[in-house]
Colleague: 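Submitted below is the structure of interest, expressed as structure tokens.
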Amino acid sequence: MLYYATLFTSLLTGSVLADKNQHESKLTKPLIQTRQDETDPTQPVGTNPISRFETQYLGQQNPNNSCSHRDLGFTGELQGKWYAVYGDTLWCASGVTDPASDSDGFHGMVRDAVSLMTDDPLVVVDMHLNDDTPVRHQLQFVPFNTAWGEDNTYGFGGTSLFETAGGAGGLFYLVNANDAGLKGAGVAKVELVDGEPTVTQRFGDNGYWWPSGSTPRYGDVAAFRDLRSEYVYAWGGAPTSVTDSIGAQYVYLLRVKAADAYDLDRYEYWWGPDGWKTGQPLTEFGAQRAVAWFIGQGQIVWSEFYECYIFVHLSQYYSLHTLEVKLPSIFDAPSPGGSDVLLRTATSLEGPWTPDVKVYTATPIDGGLTYAGVAHPYLDPSGQTLTISYTNNNHIEVLKVTFSK
Ligand SMILES: *[C@@H]1O[C@H](CO)[C@@H](O)[C@H](O)[C@H]1NC(C)=O
């Protein structure tokens, strides 16, 4: 079964790349016509305060106690420690300790995993290791449940862990049945068991709360515990029933008081001009109800330095919804495969957001995909620097941006 999973992954990547050119030519014209509507709340407003900065490339991030190729790694805090949640985690060959010297072929994988962050953004400590010798490998973080028809090929795209109450935490995840499509977005309860964040419960009759066909995929774009309020916020892409090229790219928002995150009735949904509605999931889709358009997965931080929120994301990204590569920079005729690391800011999480500022351009490894902006705010509470990571063809690359005014 595991072998099936990796076959699926590589087939997917091939078709993604093949679709890219076709996708661009199809979209260029309608995008430009539609996106110039000045009343659209998903469009940039104002000036981005980030204008003077230096970006340093630090290197690739790896665990010090295991070995695999991986993606995502969104960070979140639980009981004063920070953890990363990864997506597909492809184990290296038996005994290999450096992914750069891994041998070709499939050596096992899990669909998501969790690691502890250290003071060095290039070093993480992998959790939930198996008994492989001489090098142990990670077990899956969000468990599949055969009673819900799930198996070990199912994806559980997760974003940032967040603390709820009483030392417990939560995680938004997206149940992905591969060829059978996306099932829905759910919330897991996460508790520290033997010092490791562990999923102890998944809510909903079928393991999710928001069916993807009718409801935004809350949490699949970003999740953020806002310490300036009692809330956790989750951004998600359009329902899968929205299939037109423009509509499928809107991103919607919900929030809940962190302490109420296990109670579906307490969730509040952003209805755009009608504000927040508690217990009333969004049933209308489009620009007016959305908070962003055409963004990839990313992460939000509050910046003490600029006194605003910063959203970290990339210009090229990988969409779980349409299984295609998205290149917003088609407007500027980018160099092929070029991939910018972008920061946009806001003083309110509902937006509006400023235009993006580019802080770095990644060089895709072997022409692979670059996506998923990750922030490491715990490394500098002053906000004068922000350490950022992103996925580059199943490697995690790390940058440090130093701001000045
Ligand atoms: C990995 O790093 C952590 C944090 O610095 C440290 O406590 C641990 O001993 C390291 N493990 C190994 C195997 O080096």
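Hydrogens, waters and symmetry mates play no part in the numbers below; they use all other heavy atoms, side chains included. Position 1 is the first residue of the sequence, and the numbers go up from there. Counting starts at 1 for both ligands and their atoms, in listed order.
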Colleague: Kindly say whether the aromatic ring centers of Phe203 and Tyr262 come within a distance under 6.0 Å.
Modeller: yes
Colleague: Output yes when Asp151 and Arg111 qualify as a salt bridge under the 4.0 Å nitrogen-oxygen rule, no when they do not.
Modeller: no
Colleague: Do you see a protein non-hydrogen atom under 4.0 Å from atom 11 (N) of ligand 1?
Modeller: yes
Colleague: Tell me whether the centres of the aromatic rings in Phe172 and Trp209 are closer together than 6.0 Å.
Modeller: no
Colleague: Could you tell me whether Asp274 and Arg289 have a side-chain N and a carboxylate O separated by less than 4.0 Å?
Modeller: yes
Colleague: For atom 2 (O) of ligand 1, which of the options Val124, Val125, Asn64 provides the nearest non-hydrogen atom?
Modeller: Asn64
Colleague: Can you tell me if Thr118 has a non-hydrogen atom under 4.0 Å from ligand 1?
Modeller: yes
